[in-house]
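By convention here, the first residue in the shown sequence is residue 1.
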Amino acid sequence: DAAPAPAPTPAPPSLRNPRALPSPSAGPGGSAGSMLKAAVVSAGVLAEPFRGEVEALPPTAWVTPSGWKARWGRWIGSLKSVYTLAKCKKLVPGWELTSFKREALALHSQVCAALAAGDRGVLRQLLTPSEYAAAKRQLKAREEGGWATVDWSLAPPLPTPADAECVHARLAMANAKDERAGFAQVTVRVRCAAAFAARDARGRVVAGGGPPAPVQDVWVMERYLGGGGAARWRVAARLDVPPAPKRERRGWFGFGRRG
């Protein structure tokens with residue numbers, strides 16, 4: 001008799017593969033300074049990576065030195081994000097926030113579909129080299145775990161630019177005196193719903209397989225600032241940060257919370 005099918009185990013419908021990257025010491029705008037050797041494809045390191053939503057500061061933060069220090073740090077962080085987006089507006093041809101969000105959503109969907117299909121050729125084009133290496137490790141572990149095929153699809157309603165939130169932005173610069181010698185890294189939180197099912201060689205569901213589930217992915221989109229129209233956005237990291245419980249009232253310029 002055939003062996004009974006293994007019980008399905010839950011798996012994230014986003015096909016997320018979290019990993020931590022080191023953070024260089026950053027200068028104005030979050031630049032990495034001399035620690036970063038510029039390359040046309042990728043910076044190879046995240047400048048001050050996003051750590052997730054921060055808790056609102058208590059009322060006592062207005063009257064204590066530690067509270068003012070925390071408030072100042074958050075304001076500086078928001079300023080760095082605004083500075084980075086201003087550089088995108090200046091140096092990326094035709095850059096506009098809504099169109100960038102559409103591009104980020106398309107990139108998110110394409111990468112998830114390529115991960116499901118195991119299409120290394122497409123992933124190589126859409127990911128930075130370090131993130132592509134992480135994706136290959138993910139695919140190898142998936143194959144060794146008995147996943148023969150993976151089905152993934154977005155569920156309606158499809159995400160719109162309102163579902164892509166820019167939560168963080170930094171510059172990773174090789175030369176602080178040359179504004180084009182570096183990369184913009186914009187962290188985007190994508191909210192959507194997706195259906196996911198992994199099957200073994202006999203077609204049995206071994207992970208997922210339930211109804212579409214809500215997804216919150218926090219990905220870093222990176223682009224070389226000196227490439228003109230030839231450069232393009234790639235996924236530099238898929239971060240493992242706690243999901244935001246709901247859409248929060250944002251701080252100045254849309255970044256961070258007001259304490």
Side-chain angles (χ1 to χ4, degrees), residues 1-21 42 46 49-53 103-160 163-165 167 187-222 233-246:
D1 294 335
T9 56
S14 61
L15 309 178
R16 185 182 298 114
N17 179 37
R19 64 190 180 88
L21 291 175
S42 175
L46 297 186
F50 180 64
R51 304 295 185 187
E53 299 288 342
E103 189 171 356
L105 288 172
L107 194 53
H108 175 267
S109 177
Q110 291 164 7
V111 168
C112 286
L115 282 170
D119 194 331
R120 289 170 171 80
V122 172
L123 291 172
R124 185 188 296 273
Q125 298 299 315
L126 301 180
L127 308 177
T128 63
S130 59
E131 187 60 25
Y132 175 62
K136 288 196 299 182
R137 292 193 296 270
Q138 178 183 355
L139 294 177
K140 182 178 179 180
R142 191 171 85 185
E143 292 165 358
E144 293 174 348
W147 292 18
T149 61
V150 175
D151 297 322
W152 180 92
S153 62
L154 287 172
L158 297 180
T160 69
D163 299 307
E165 180 185 5
V167 296
T187 303
V188 181
R189 186 190 302 277
V190 176
R191 290 178 171 87
C192 61
F196 162 82
R199 293 178 170 82
D200 62 15
R202 300 176 62 179
R204 299 174 300 187
V205 175
V206 294
V215 176
Q216 281 192 37
D217 279 336
V218 180
W219 289 12
V220 181
M221 310 295 175
E222 181 184 80
W233 293 98
R234 296 173 185 255
V235 176
R238 293 167 286 154
L239 302 180
D240 180 24
V241 298
K246 60 182 179 180

Distance from [X] atom [atom1] to [Y] atom [atom2], nearest 0.5 Å?
X	Y	atom1	atom2	value
Leu107	Trp219	CG	CH2	7.0 Å
Arg189	Gln216	CZ	CD	5.0 Å
Cys112	Arg238	SG	CZ	8.0 Å

**Report entry** With Arg124 via salt bridge (Lys or Arg N to Asp or Glu O under 4.0 Å) - residues at least two apart
**Finding:** none

Query raised in the report: So, are Glu131 and Arg234 salt-bridged, with charged N and O less than 4.0 Å apart?
Result: no

**Report entry** Listed once per pair and sorted, the salt bridge (charged side-chain N to carboxylate O under 4.0 Å, His left out) pairs that draw on residues 103-119, sequence neighbours left out
**Finding:** none

Report summary line: salt bridge (charged side-chain N to carboxylate O under 4.0 Å, His left out) pairs touching residues 105-116, sequence neighbours excluded, are none

Query raised in the report: Passes side-chain contact (heavy atoms from CB on, under 4.5 Å), Val235 versus Thr128? Steps please.
Result: CA-CA 6 Å; Val235 176; Thr128 63; over 6 Å; no

Query raised in the report: Which residues pass the side chain to side chain contact (heavy atoms under 4.5 Å, CB included) test with Thr160, sequence neighbours left out?
Result: Ala162, Asp163

Report task. Check Ala236 against Leu46 and note the closest heavy-atom contact, atom names and distance. Result -> CB-CD2, 4.3 Å

Report task. Specify the closest pair of heavy atoms between Leu115 and Ala135, including all atoms of both residues, with the distance to one decimal. Result -> CD2-CB, 4.1 Å

**Report entry** With sequence neighbours excluded, residues passing side-chain hydrogen bond (donor to acceptor under 3.5 Å, both in side chains) with Gln110
**Finding:** none

Query raised in the report: Listed by chain and number, what are the side-chain hydrogen bond (donor to acceptor under 3.5 Å, both in side chains) partners of Arg199, not counting sequence neighbours?
Result: Asp151

Report task. Determine whether Arg191 and Pro214 make a side-chain contact, defined as any pair of heavy atoms from C-beta on separated by less than 4.5 Å. Result -> no

**Report entry** Steps toward side-chain contact (heavy atoms from CB on, under 4.5 Å) verdict (Val111, Leu127)
**Finding:** CA-CA 8 Å; Val111 168; Leu127 308 177; 3.9 Å; yes

Query raised in the report: Aromatic rings Trp147 and Phe196: how do their planes relate, parallel, tilted or perpendicular, breaks at 30° and 60°?
Result: tilted

